[in-house]
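In the text below, chain A, chain B and the rest are named by the order of the sequence lines, each starting its count at 1. Atoms considered below: every heavy atom in the structure, side chains included; atoms not considered: hydrogens, waters and symmetry mates. These numbers were taken from a predicted model, which means no experiment stands behind them.
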Amino acid sequence: MDNVKNILEILQVRYPEHLTETQRQDPFKTLIGCILSQRTRDQNSEKASMNLFNEATTPQDILCLSEDELHNLIRCSGFYRQKAKYITGTCKTLIDHHEGRVPDTREELLKLPGVGPKTADIVLIYAYGEETVPVDVHISRVTRRLGIASTDADPETVKKHLNQSIPKHQSLLYDRAILQIGKDYCRKAAPRCPECPLNKECKIVGL
DNA sequence: AACTCGGGGCA
DNA sequence: TGCCCAGAGTT
């Protein structure tokens with residue numbers, strides 16, 4: 001936990017672009033974009049988001065699209081039939097129970113189809129500025145390798161450790177920076193420890 | 001706990 | 001070609 005302060009200094013040097021983002025994002029676009037990004041590479045999910053939001057920017061817009069139209073717009077994100085069901089189901093729930101708006105509580109977000117713990121956290125942190133940390137496979141892996149959480153820690157335990165370790169009002173910055181480390185260096189397969197900016201803080205360099 | 005969904009990028 | 005990817009729902 002005490003090495004987290006050092007990690008921030010290192011990340012400020014290596015990933016300044018991730019430490020300057022302050023603007024809140026539109027909750028609805030954040031929510032739908034997050035569903036599209038599940039188990040999908042950034043470039044593909046961003047392309048799908050652009051395709052979709054170019055045609056529809058509200059729940060009502062999306063529900064006006066035919067099934068084939070929606071499929072074709074988001075096809076490149078993968079899992080597109082399943083995601084289309086999640087998105088239409090979520091849009092209907094938003095209209096029926098939330099006046100067409102995205103709820104700002106975890107409890108209500110988790111009731112939406114296609115919204116699990118990670119997607120709920122991402123909406124809360126990116127759209128509503130809540131101080132929490134989305135724990136996904138990358139964050140979890142980097143955290144375990146750095147020794148911030150034990151190797152067999154479940155997602156809730158990882159989240160608790162991170163929430164205790166990360167300075168207030170910086171969870172978004174940490175999320176983005178640690179995730180980028182996970183993609184660029186601390187990869188699941190073939191980690192690039194020699195080039196990793198965190199290798200001095202890491203408990204298992206070279207493993 | 002195991003299984004399913006999936007197109008696209010990369011070696 | 002084979003392998004993998006900011007998860008969530010179902011059985």
Side-chain angles (χ1 to χ4, degrees), chain A residues 11 15 17-19 21 25-52 67-94 102-103 106-128 130-146 148-149 152-159 162-163 166 170-192:
Chain A
L11 295 176
Y15 293 93
E17 70 275 17
H18 295 300
L19 299 172
E21 180 170 339
Q25 299 180 14
D26 173 47
F28 183 67
K29 288 185 176 180
T30 302
L31 172 58
I32 301 302
C34 186
I35 291 175
L36 289 173
S37 78
Q38 288 167 3
R39 297 292 290 177
T40 305
R41 305 209 178 216
D42 290 353
Q43 207 166 3
N44 299 334
S45 64
E46 285 173 13
K47 190 185 301 178
S49 294
M50 292 293 292
N51 289 343
L52 179 59
E67 188 176 37
D68 281 345
E69 285 174 328
L70 183 54
H71 284 176
N72 286 329
L73 290 171
I74 68 172
R75 179 179 305 275
C76 61
S77 76
F79 298 142
Y80 62 92
R81 282 183 286 265
Q82 186 176 8
K83 289 175 181 177
K85 288 179 185 173
Y86 290 162
I87 289 172
T88 54
T90 285
C91 287
K92 287 176 184 171
T93 305
L94 293 183
V102 177
R106 177 186 311 278
E107 182 182 3
E108 291 302 319
L109 284 168
L110 290 176
K111 292 178 182 174
L112 302 171
V115 176
K118 293 155 185 107
T119 300
D121 269 348
I122 291 176
V123 172
L124 290 172
I125 188 175
Y126 280 77
Y128 294 122
E130 185 162 315
E131 293 293 322
T132 182
V133 178
V135 175
D136 52 50
V137 290
H138 285 319
I139 303 289
S140 180
R141 184 179 64 254
V142 174
T143 303
R144 291 198 312 266
R145 285 177 172 171
L146 287 172
I148 295 174
D152 58 348
D154 61 287
E156 281 304 314
T157 303
V158 172
K159 182 188 294 189
L162 280 174
N163 280 330
I166 292 179
Q170 293 182 326
S171 54
L172 172 60
L173 312 181
Y174 268 93
D175 169 56
R176 294 181 64 88
I178 295 177
L179 173 65
Q180 204 62 42
I181 292 286
K183 290 181 174 182
D184 292 349
Y185 303 100
C186 195
R187 303 180 297 193
K188 178 181 179 183
R192 300 169 57 196

Hey, what do you get for [atom1] ([X]) to [atom2] ([Y]), rounding to the nearest 0.5 Å?
X      : Y      : atom1 : atom2 : value
A:D136 : A:R39  : CG    : CZ    : 10.5 Å
A:L70  : A:T88  : CG    : OG1   : 7.0 Å
A:N44  : A:C76  : CG    : SG    : 6.0 Å
A:H71  : A:K85  : NE2   : NZ    : 7.5 Å
A:K159 : A:D154 : NZ    : CG    : 10.5 Å

Legend entry - Whole-angstrom distance between B:dG6 and C:dT11, as gauged at atom P: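 Straight-line distance between the two P atoms is 16 Å.
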Inset, instruction - Please state the P separation for the pair B:dA2 and C:dA6 - nearest whole angstrom. - result: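 The answer is 23 Å between these two P atoms.
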Legend entry - For chain A, the stretch of DNA chain B it reaches, first to last nucleotide, under 4.0 Å of its heavy atoms: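 Counting from the 5' end, contacts occupy B:dC5 to B:dG8.
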Inset, instruction - For A:K188, answer base if it contacts any base atom (sugar-phosphate contacts may also be present), sugar-phosphate if it contacts only those atoms, and nothing otherwise; contact means non-hydrogen atoms under 4.0 Å. - result: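 Here A:K188 touches the backbone only, sparing every base.
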Inset, instruction - Remember a base hit wins even if backbone is also touched, and classify A:R39 as base, sugar-phosphate or nothing at under 4.0 Å, heavy atoms. - result: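 Base contact.
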Inset, instruction - Using chain A heavy atoms and a threshold of under 4.0 Å, write down where along DNA chain C the contacts begin and end, 5' to 3'. - result: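 The footprint of chain A covers C:dC4 to C:dG9.
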Inset, instruction - Tell me, yes or no, whether the heavy-atom count around A:E67 atom CD, taken from other residues, nucleotides or ligands under 6.0 Å, exceeds 12. - result: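 Counting other residues, nucleotides and ligands, CD of A:E67 stays at 12 neighbours or fewer.
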Legend entry - Qualifying residues under salt bridge (charged side-chain N to carboxylate O under 4.0 Å, His left out), relative to A:R106, sequence neighbours excluded: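 In terms of salt bridge (charged side-chain N to carboxylate O under 4.0 Å, His left out), with neighbours along the sequence ignored, A:R106 is linked to A:D121.
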Legend entry - A:T30: side-chain contact (heavy atoms from CB on, under 4.5 Å) partners, not counting sequence neighbours: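 Expected list: A:Q25, A:I122, A:V123, A:Y126, A:A127.
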Heavy-atom pair of closest approach, residues [X] and [Y]:
X      : Y      : value
A:S77  : A:T40  : O-OG1, 2.7 Å
A:E108 : A:P103 : CB-CB, 3.6 Å
A:S140 : A:V135 : CB-CG1, 4.1 Å
A:K188 : A:R145 : O-NH2, 3.4 Å

Inset, instruction - Strictly below 4.0 Å, heavy-atom distances to any atom of DNA chain B: list the hits from residues 40-50 of chain A, or just say none. - result: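 Heavy-atom cutoff 4.0 Å gives A:T40, A:R41, A:N44.
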Inset, instruction - For DNA chain B, find the residues of residues 108-121 of chain A with a heavy-atom distance under 4.0 Å and give them by number; none if there aren't any. - result: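 Contacts with DNA chain B under 4.0 Å: none.
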Inset, instruction - Flag the pair A:N51 / A:I74 as yes when at least one side-chain heavy-atom distance between them is below 4.5 Å, and no otherwise. - result: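 A side-chain contact under 4.5 Å is absent here.
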